[in-house]
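Only a predicted model underlies this, so the values are computations on that prediction, with no experimental measurement involved.
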Amino acid sequence: MITAPDAFEAVFDAHYEEIRRYLGRRVGLDVAEDLAAETFLIAFDQREAFDPSFGEIRPWLYGIATNLIGRHRRTEVRRYRALARTGPPPDDDGLHDRVIDRLAAEVTVGRLAKALTKLSAGERDVVLLVAYGGLNYAEVAAALGVAEGTVASRLSRARTKLRGALGVEV
């Protein structure tokens, strides 16, 4: 059980970095650290309410993180719109890729970011939980508290919209 503080420490150690990376991709690194800490604070406060019969702890943590992102949704949409206008941020490590690769990335990231702003919140959550979190349908369903069929239909609609926005033919 994760109700004991020592047991919860193991959960934190096992999942913190993964949740922080997911949040960083969704809301930016400047906010990710705070939201990751808040995710685990909420999980710790609600650890007695966690029911392992409903699934693994990982999707539960992703669900908490995604709910926190919901609070920051307006900021997220503004970030994607800015990314669509300006292209990807410079590399964090300061290394410069070849100019051709950079220009191609700017075009692709900008188009993708703009396309993501056109998705509904539910569609965007599903796409990014799959793409950034690496969750499967069952895990996404558990994270969002929806049926697997809902995940499948949201992902299908989102893929169709993204293909259309990016000009990708099936």
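- When each of Thr66, Asn67, Val140, Val130 is checked for a side-chain contact (heavy atoms from CB on, under 4.5 Å) with Asp125, only Thr66 meets the rule.
- Cation-pi geometry between Arg47 and Phe50 is not satisfied (NZ or CZ under 6.0 Å from the ring centre, within 45° of the ring normal).
- With hydrogens and angles disregarded, a donor-acceptor distance shorter than 3.5 Å links the side chain of Arg124 to the backbone of Leu119.
- The side-chain heavy atoms of Ile69 and Leu128, taken from C-beta on, include no pair separated by under 4.5 Å.
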Sequence neighbours excluded and cut-off under 3.5 Å, please list the side-chain donor-acceptor pairs for residues 141-155, or say none.
| unit_1 | atom_1 | unit_2 | atom_2 | d |
| --- | --- | --- | --- | --- |
| Ser153 | OG | Gly149 | O | 3.3 |
| Ser153 | OG | Thr150 | O | 3.1 |

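- Taking every heavy atom of both residues into account, Ala65 and Ile19 meet most closely at CB-CG2, 4.1 Å.
- Expressed to the nearest 0.5 Å, how far CG of Leu61 lies from CD1 of Ile42 amounts to 11.0 Å.
- The distance from the CG atom of Leu68 to the CD1 atom of Ile64 is 8.0 Å, given to the nearest 0.5 Å.
- Considering every non-hydrogen atom in both Ala43 and Trp60, the closest pair reads O-CH2, 3.4 Å.
- Arg71 is not listed as a side-chain neighbour of Leu35, based on a closest heavy-atom distance of 4.5 Å or more.
- The existence of a salt bridge linking Glu17 and Arg20 is confirmed by a sub-4.0 Å separation between a basic side-chain nitrogen and an acidic carboxylate oxygen.
- Residue pairs meeting the ring-ring contact (aromatic ring centres under 6.0 Å, His included) criterion with at least one partner in residues 16-38, sequence neighbours excluded, are Phe12-Tyr16, Tyr16-Phe40, Tyr22-Tyr62.
- Put simply, the side chain of Glu139 does not reach to within 4.5 Å of the side chain of Glu56, judged on heavy atoms.
- Summarising the geometry, atom CD belonging to Glu33 is positioned 10.0 Å from atom CG belonging to Leu23; distances are rounded to the nearest 0.5 Å.
- A 4.5 Å side-chain heavy-atom check between Lys161 and Lys118 finds every atom pair outside the cut-off.
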